[in-house]
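Here is the structure we will look at.
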Amino acid sequence: MKQQLEEILKKSLTEIEKSVDLKQLEDVRLKFLGKTGELTMILRGMKDIPAEERREIGMLANSLREKIETSLSQKFSELENAKLLADMEKEKIDITEPSTGTKKGALHPLTRFNNKFMELCVEMGFTVIQTPEIETDYYNFEALNVPKNHPARDMQDSLYITDKILMRTHTSTAQVHAMETFKPPFKIVCPGRVYRNDDDSSHSPIFNQFEALVVDENVSLKDFMIMVREMAVRLYGKDVKMRVRPAYFPFTEPSIEIDATCQMCHGKGCALCKGTGFSEFFGGGIVNPKILEMSGIDSKKYSGFAFGPGIDRSVMVTNKIPNIKYLFRNDMRFLKQMR
Ligand code: DAH
């Protein structure tokens with residue numbers, strides 16, 4: 001029996017020593033000390049040993065058990081340390097390795113232009129608002145005095161969703177929302193996408209405008225011109241020249257179109273401005289009193305002016321972009337050049 005125990009000790013210590021990982025070590029523990037382990041079985045069989053030997057064998061078995069446990073726990077910490085070191089090695093970050101560099105993002109040229117214009121408007125006291133891109137016929141046309149048979153209502157120009165619902169064809173819809181929402185005096189500006197059934201190198205079915213509206217007592221065309229001049233100067237510099245042409249819009253009376261120095265040739269005359277030195281800045285005018293009345297504003301007390309520039313053309317000119325579609329394709333090769 002003693003010999004058997006000595007052998008168990010020798011065998012177990014060798015196997016513990018040979019273990020290369022925690023799993024293997026645990027298997028060794030179970031093999032000798034587990035419920036049906038070799039040593040456990042011997043201890044369980046003690047009752048069959050003659051009484052005079054039992055004490056001696058019992059003491060021997062217990063000291064053996066202690067030796068095995070000590071050896072197991074030493075090996076356990078050894079293996080665990082090794083595992084920790086190996087993990088640390090695996091997760092090590094080489095902080096001296098040169099980086100591949102971070103790529104810098106940039107704003108889209110339309111966003112840049114829009115931000116510039118909105119900042120300017122805010123400096124001049126305007127409130128920036130946003131109104132829906134999907135509109136009813138009422139906000140897009142009727143409330144802006146666009147008669148039923150006006151060509152702008154033609155199915156060919158407007159993108160209808162149902163008989164009475166369409167993608168807004170202009171941001172002038174914001175005028176109606178503003179007049180319904182704010183009490184005069186107010187100054188609002190509304191940037192946004194507009195939609196038309198139009199598609200060639202200078203027209204896209206989606207393009208961008210903003211709408212400005214000022215309503216107050218005694219607002220005149222002179223106030224309008226002073227403000228427009230100030231805007232042109234802040235945008236293009238104080239040498240900017242302007243000219244005014246009569247125009248027609250159902251929602252303004254009188255209506256005008258304002259041209260400013262061509263930003264491509266700076267007034268010298270080029271293909272874009274057809275040699276005139278001017279390009280269209282925007283359309284606008286004095287708000288038709290009918291429109292104020294329709295939205296519940298007293299047109300005897302209040303008057304207003306409104307204007308609505310498209311911004312894509314300006315962005316194209318200032319960035320020398322030949323086709324409007326480039327603005328909407330989000331092609332990285334194009335966007336990188338626009339940084
Ligand atoms: N909504 C017009 C368009 O899309 C532009 C415009 C003209 C806006 C005159 C105005 C305005 O506010 O008074 O062509």
Side-chain angles (χ1 to χ4, degrees), residues 114 117-118 121 124 126-133 135 137-147 150-154 156-159 166-180 182 186-198 202-216 219-228 231-232 242 244-260 279-292 294-295 297 299 302-314 324:
N114 206 45
F117 227 125
M118 287 308 112
C121 291
M124 295 175 91
F126 283 84
T127 302
V128 181
I129 65 165
Q130 288 205 304
T131 63
E133 288 181 22
E135 277 290 10
D137 187 273
Y138 178 80
Y139 282 96
N140 200 80
F141 294 130
E142 227 169 286
L144 287 165
N145 190 35
V146 179
H150 194 281
R153 281 188 166 219
D154 200 311
Q156 264 147 33
D157 284 325
S158 311
L159 294 162
L166 70 159
M167 303 307 293
R168 68 175 170 201
T169 60
H170 54 181
T171 46
S172 297
T173 49
Q175 286 194 34
V176 186
H177 289 288
M179 289 188 280
E180 286 178 354
F182 302 108
F186 62 82
K187 283 158 102 173
I188 61 98
V189 61
C190 172
R193 273 191 287 265
V194 299
Y195 301 82
R196 280 180 212 177
N197 196 359
D198 228 352
S202 55
H203 294 91
S204 149
I206 302 178
F207 57 105
N208 296 271
Q209 292 185 329
F210 71 81
E211 187 77 15
L213 171 68
V214 174
V215 177
D216 203 341
V219 168
S220 71
L221 204 55
K222 186 182 81 187
D223 301 314
F224 181 28
M225 292 312 300
I226 291 169
M227 176 172 280
V228 170
M231 275 189 171
M242 290 184 1
V244 178
R245 290 176 285 116
Y248 168 76
F249 299 105
F251 30 93
T252 41
E253 183 58 42
S255 300
I256 53 175
E257 248 160 3
I258 299 172
D259 299 335
S279 61
E280 192 185 317
F281 195 20
F282 48 70
I286 294 294
V287 178
N288 190 325
K290 239 161 116 178
I291 287 175
L292 293 172
M294 264 181 96
S295 295
I297 292 175
S299 67
Y302 295 105
S303 50
F305 61 79
F307 55 100
I311 70 171
D312 310 78
R313 201 62 47 83
S314 307
I324 189 170

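Counting convention: from 1, in listed order, for ligands and their atoms alike.
Ranking protein heavy atoms by distance to atom 12 (O) of ligand 1, first place goes to E211 OE2, 2.4 Å. Of the protein's heavy atoms, G308 O, 3.6 Å lies nearest to atom 5 (C) of ligand 1. Of the protein's non-hydrogen atoms, the one nearest atom 14 (O) of ligand 1 is R196 NH2, 4.0 Å. The nearest heavy-atom contact from the protein to atom 1 (N) of ligand 1 is S172 OG, 2.8 Å.
Residue-ligand proximity, Q209 to ligand 1, at heavy-atom distances under 4.0 Å covers atoms 3 (C), 4 (O). Per-residue contacts place G285 under 4.0 angstrom from the following atoms of ligand 1 (heavy atoms of the residue considered): 13 (O). Shown in contact with Q175 at under 4.0 Å from a heavy atom are these atoms of ligand 1, numbered in order with element: 12 (O). Atom numbering of ligand 1 starts at 1 in the shown order; those under 4.0 Å from a heavy atom of H170 are 1 (N), 4 (O).
Residue contacts with ligand 1: T169 is placed with no nitrogen or oxygen under 3.5 Å of a nitrogen or oxygen of the ligand (distance criterion only). Any N or O atom pair closer than 3.5 Å counts here, and A306 shares at least one such pair with ligand 1.
E257 places no side-chain N or O within 3.5 Å of a backbone atom of A247 that could act as its donor or acceptor partner. Of the possible polar contacts, none joining the N145 side chain to the I291 backbone as a donor-acceptor pair under 3.5 Å is found. In this structure a side-chain-to-backbone donor-acceptor pair under 3.5 Å is missing from D137 to E142. Listed for the N288 side chain is no donor-acceptor partner under 3.5 Å among the backbone atoms of E253.
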What do the steps show when you test F307 against F281 for ring pair (Phe, Tyr, Trp, His ring centres under 6.0 Å), and what is the final call? CA-CA 10 Å; F307 55 100; F281 195 20; 8.3 Å; no

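Neither the backbone nor the side chain of E257 has a heavy atom within less than 4.0 Å of ligand 1. Residue contacts with ligand 1, taken as heavy atom pairs separated by less than 4.0 Å, involve F251 solely via side-chain atoms from C-beta onward.
Scanning all heavy atoms of the two residues, the minimum distance from N208 to D312 falls at N-OD1, 2.6 Å. In this structure, Y302 and L292 approach most closely via the heavy-atom pair O-CD1, 3.5 Å.
Screening R168, Q175, E180 for a side-chain hydrogen bond (donor to acceptor under 3.5 Å, both in side chains) involving Y139 leaves a single residue, E180.
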